[in-house]
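Since the structure comes first, as structure tokens, the remarks are kept for the end.
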Amino acid sequence: MPGLLLDTLRGQNVRPRPAWLMRQAGRYLPEYRALRAEKGGFLALVYDPIAAAEITLQPLRRFGLDGAILFSDILIVPYAMGQDLAFLAGEGPHLSPRLAEAALASLDAVPERLTPIYETVALVKAALPPGKTLLGFAGSPWTVATYMVAGEGSRDQHVTRELAYRDPAAFQAIIDGIVDVTIEYLAGQIMAGAEAVQLFDSWAGSLAPAQFERWVIAPNAAIVTALKARFPEVPVIGFPKGAGEKLAAYARETKVDALGLDETIDPLWAHQVLPEGLPVQGNLDPLLLLSGGAEMKKQTLRILDAFAERPHVFNLGHGIGQTTPSEHVGELLSAVQGWQG
Ligand code: CP3
């Protein structure tokens with residue numbers, strides 16, 4: 001039974017609108033915090049398929065969501081490529097050795113680090129209610145590379161942007177390596193039961209136009225082409241956060257099936273410039289979900305109205321913040337489900 005979300009990603013303009021929320025599982029839910037405390041940390045949760053499947057399903061038990069997104073992280077790919085990965089309290093993720101100094105060839109790949117993730121996917125798939133869709137995901141090569149090169153998150157990705165200018169051949173090798181592992185990783189998720197996949201490109205917005213073509217569009221196009229050859233029925237959602245005016249070129253050239261929009265994009269503009277019939281996903285400001293109330297509902301309806309004439313998956317423009325009151329999520333989803341447009 002495909003369901004509203006999968007039908008939309010395949011190009012149908014359905015009512016009611018399907019919805020899921022980026023980071024819908026996580027620290028704003030008390031049941032997540034409880035299981036995380038019991039297992040001792042984020043990575044321990046990700047590597048415990050029973051716990052990770054439970055966390056994937058937690059938000060669906062509470063709210064009328066149409067999709068479950070695999071509970072994992074985009075940095076599992078660098079971990080499988082042989083970097084050490086740690087999530088330090090209050091500091092975010094750390095990868096070592098960082099590729100700003102170490103050569104890619106010095107890493108010893110550990111492909112077994114992907115296997116438990118497929119187990120989580122299979123467990124979720126077996127427990128998923130009919131009509132709900134299981135989404136797999138990976139980071140896009142550019143965003144993953146920014147963490148592999150700098151060893152941590154950074155505000156403007158300058159270490160990686162500079163390497164890409166100074167030594168494009170070395171950086172191309174890093175991107176190519178990530179592309180290959182990502183294709184295998186997403187294929188593994190699909191074979192385990194993922195019905196659609198999303199490519200998260202959180203830092204796509206920091207690149208100059210020619211660099212965006214080379215490091216965002218080209219690698220994502222390669223991933224989409226490879227997945228389509230093997231799984232023509234499985235939709236791929238591209239989410240190039242911050243891409244702004246480059247969104248239309250991204251959609252055309254990568255051939256993603258659906259396009260995720262961040263909250264800086266005006267829905268009326270997006271509807272005008274994007275290819276007719278292309279499904280879009282988004283794009284309520286996560287801070288409006290945090291603040292809630294009448295303004296949240298008003299902006300939600302504005303987004304729904306703007307996309308009435310094309311397939312639309314309702315979502316946020318980025319992940320749910322950890323201090324978001326969970327009641328607001330229920331109120332948001334009632335507004336989406338009540339829209340008749
Ligand atoms: O959407 C989902 O709920 C699926 C699971 C998911 C997580 N991370 C869980 C997570 C997904 C899709 C991601 C993607 C991810 N991870 C991205 C791209 C999307 C984005 O948010 O921009 C990036 C850049 C990462 C890297 C990452 N992982 C960072 C920077 C952090 C630390 C920030 C923080 O919130 O502490 C993580 C940790 C992380 N990944 C958490 C979760 C629920 C928090 C873990 C915890 O401490 O409990």
Side-chain angles (χ1 to χ4, degrees), residues 5 8-9 17-24 26 28 67 69 73-74 135 137-144 146-147 153-157 161 196-209 211-213 215-217 219-220 235-254 256-275 278-291 295-296 298-307 310-322 324 328-329 332 336:
L5 175 50
T8 302
L9 296 174
R17 288 310 201 195
W20 68 278
L21 304 173
M22 289 186 275
R23 288 279 181 100
Q24 65 191 21
Y28 77 105
I69 182 154
D73 198 82
I74 65 166
L135 302 167
F137 75 90
S140 286
W142 164 251
T143 288
V144 172
T146 65
Y147 288 91
S154 67
R155 197 157 288 275
D156 63 359
Q157 297 79 53
R161 288 195 288 134
V197 294
Q198 175 156 318
L199 289 161
F200 284 85
D201 219 341
S202 309
W203 303 122
S206 63
L207 290 172
Q211 300 294 92
F212 184 88
E213 279 286 332
W215 308 124
V216 171
I217 292 186
N220 282 300
V236 180
I237 308 164
F239 177 49
K241 187 173 179 298
E245 80 289 350
K246 304 184 202 76
L247 277 169
Y250 174 96
R252 234 182 9 252
E253 295 173 30
T254 62
V256 289
D257 298 279
L259 188 61
L261 305 174
D262 67 69
E263 68 275 11
T264 67
I265 300 300
D266 180 350
L268 292 171
W269 173 84
H271 180 59
Q272 276 169 13
V273 303
L274 294 175
L278 177 75
V280 293
Q281 175 175 281
N283 69 337
L284 188 80
D285 191 333
L287 290 179
L288 270 174
L289 181 61
L290 184 74
S291 50
E295 188 62 19
M296 173 179 83
K298 183 176 153 200
Q299 295 304 327
T300 295
L301 297 178
R302 183 170 174 270
I303 292 165
L304 290 162
D305 287 343
F307 294 131
R310 66 167 69 231
H312 176 216
V313 175
F314 189 86
N315 205 319
L316 302 176
H318 197 196
I320 299 185
Q322 60 172 302
T324 301
H328 292 183
V329 176
L332 173 68
V336 175

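Note that this is a predicted model, so its numbers are computed, not measured.
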Please evaluate residues Asp201 and Thr143 with respect to the criterion side chain to side chain donor-acceptor pair (under 3.5 Å), reporting the C-alpha separation (whole Å), side-chain torsions for both, the decisive distance (0.1 Å), and the verdict. CA-CA 5 Å; Asp201 219 341; Thr143 288; 2.5 Å; yes

Smallest separation among heavy atoms of [X] and [Y], with atom names:
X	Y	result
Val273	Ala248	O-CB, 4.0 Å
Asp156	Ser206	O-CB, 4.2 Å
Pro286	Gly317	CD-N, 4.3 Å
Ala19	Val336	CB-CG1, 4.3 Å
Thr324	Gly321	OG1-O, 2.8 Å
Met296	Leu332	CE-N, 3.7 Å

Out of curiosity, [X] [atom1] to [Y] [atom2], how far, rounded to the nearest 0.5 Å?
X	Y	atom1	atom2	value
Ser202	Ile74	OG	CD1	5.5 Å
Glu245	Phe212	CD	CZ	8.5 Å
Gln281	Thr8	CD	OG1	10.0 Å
Asn315	Leu21	CG	CG	5.5 Å
Met22	Ile320	CE	CD1	10.0 Å
Thr254	Leu199	OG1	CG	8.5 Å

By ring pair (Phe, Tyr, Trp, His ring centres under 6.0 Å), which residues pair with [X], not counting sequence neighbours?
X	answer
Trp215	Phe171
Phe307	His312
Phe137	Phe200

Side chain to side chain contact (heavy atoms under 4.5 Å, CB included) partners of Pro235, counting only residues at least two apart: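 Partners of Pro235 under the side chain to side chain contact (heavy atoms under 4.5 Å, CB included) test: Leu6, Leu9, Arg10, Ala196, Asp257.
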
Looking at residues at least two apart in the chain, or sitting in another chain, which of them share a side chain to side chain contact (heavy atoms under 4.5 Å, CB included) with Glu295?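 Here the qualifying residues are Leu288, Lys298, Gln299.
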
Is the shortest side-chain heavy-atom distance between [X] and [Y] below 4.5 Å?
X	Y	answer
Phe314	Asn283	no
Val313	Arg17	no
Asn220	Trp142	no
Lys246	Glu213	no
Tyr250	Val256	yes

For the backbone of His271 and the side chain of Arg310, can you confirm whether one donor and one acceptor N or O come within less than 3.5 Å of each other?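 Such a contact is found between Arg310 side chain and His271 backbone.
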
May I have the step-by-step check of side-chain contact (heavy atoms from CB on, under 4.5 Å) for Arg155 and Trp203, ending in yes or no? CA-CA 9 Å; Arg155 197 157 288 275; Trp203 303 122; over 6 Å; no

Atom pairs and distances, donor-acceptor, side-chain atoms in residues 258-270, under 3.5 Å, two or more places apart:
from   : atom 1 : to     : atom 2 : distance (Å)
Asp262 : OD1    : Thr264 : N      : 2.7
Asp262 : OD1    : Thr264 : OG1    : 2.5
Asp262 : OD2    : Gly242 : N      : 2.8
Asp266 : OD1    : Leu268 : N      : 3.0
Asp266 : OD1    : Arg302 : NH2    : 3.3

